Amino acid sequence: QVQLVESGGGLVQPGGSLRLSCVASGSIFSIQPMGWYRQAPGKQRELVARITGGSNTNYADSVKGRFTVSRDGAKNMVYLQMNNLKPEDTAVYFCHAQWDNIWGQGTQVTVSS
């Protein structure tokens, strides 16, 4: 069974950094677009960053200049480097394979002093 598994979340102070990782099993990774989404309590899930098979990227306005999405096809990995984190970045972050419409289980990111 194909699946996505995220890791790398945690508690960090404002201004800090975290790097999220998403590993894909099976053949779902290939060249399909992959996305990072987040969902804060009481809010809808929103797209944070997206990367195509050709490594073209796009970002939500709220994270531009702070977050960077990348992928390693050889390792079936997608990463989200998050710098200068703010309390409003607190959420559960999910990895998503667009063509297969598969979600990971999510990883909690909490930004607090």
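Quick caveat: nothing in here was measured; it's all calculated off a predicted structure.
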Problem - Those residues that, when tested against V12, pass side-chain contact (heavy atoms from CB on, under 4.5 Å) (two or more places apart) - result: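 Residues passing side-chain contact (heavy atoms from CB on, under 4.5 Å) with V12: L18, L85, V111.
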Practice task
Please identify each residue that fulfils side-chain contact (heavy atoms from CB on, under 4.5 Å) with S112, with sequence neighbours left out.
Solution key: L11, T110
Under the disulfide (SG to SG under 2.5 Å) rule, what pairs show up with a residue in [range], not counting sequence neighbours?
range	value
residues 82-113	C22-C95
residues 41-91	none
residues 31-90	none

Exercise for the section: Go through the steps for R19 and Y79 under the test side-chain contact (heavy atoms from CB on, under 4.5 Å), then give the verdict. Expected result: CA-CA 7 Å; R19 187 194 195 204; Y79 305 100; 3.5 Å; yes
Problem - Residues in side-chain hydrogen bond (donor to acceptor under 3.5 Å, both in side chains) contact with N83, at least two apart in sequence or another chain - result: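 Scan of N83 (side-chain hydrogen bond (donor to acceptor under 3.5 Å, both in side chains), adjacent residues dropped) gives S17, Q81.
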Practice task
Verify the neighbour count for atom CD of Q44: are there more than 12 heavy atoms of other residues, nucleotides or ligands below 6.0 Å?
Solution key: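 Not buried by this count: 12 neighbours or fewer within 6.0 Å.
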Fill in the blank from the handout: For residues 33-71, the ring pair (Phe, Tyr, Trp, His ring centres under 6.0 Å) pairs (sequence neighbours left out) are Y37-H96, Y37-W103
For the backbone of [Y] and the side chain of [X], can you confirm whether one donor and one acceptor N or O come within less than 3.5 Å of each other?
X	Y	value
N76	A24	yes
Q105	E6	yes
S21	S7	no

Completion exercise
Across all chains, not counting sequence neighbours, the salt bridge (charged side-chain N to carboxylate O under 4.0 Å, His left out) partners of R45 are none
Exercise for the section: State which residues pass salt bridge (charged side-chain N to carboxylate O under 4.0 Å, His left out) with K64; sequence neighbours excluded, sorted by chain then number. Expected result: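 K64: salt bridge (charged side-chain N to carboxylate O under 4.0 Å, His left out) contacts with D61.
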Handout entry: Qualifying salt bridge (charged side-chain N to carboxylate O under 4.0 Å, His left out) pairs, either residue in residues 31-44, two or more places apart
Key = R38-E46, R38-D89
Problem - Same apolar cluster (I L V M F W Y, side chains within < 4.5 Å links), V109/V69 - result: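 Both belong to a single hydrophobic cluster.
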Which pairs would a plain distance check flag for residues 47-54, meaning a side-chain donor or acceptor within less than 3.5 Å of a matching protein atom at least two apart in sequence or in another chain?
{"residue": "R50", "atom": "NE", "partner": "Q98", "partner atom": "OE1", "Å": "2.9"}
{"residue": "R50", "atom": "NH2", "partner": "Q98", "partner atom": "OE1", "Å": "3.1"}
{"residue": "T52", "atom": "OG1", "partner": "G54", "partner atom": "N", "Å": "3.2"}
{"residue": "T52", "atom": "OG1", "partner": "S55", "partner atom": "N", "Å": "3.3"}
{"residue": "T52", "atom": "OG1", "partner": "N56", "partner atom": "N", "Å": "3.0"}

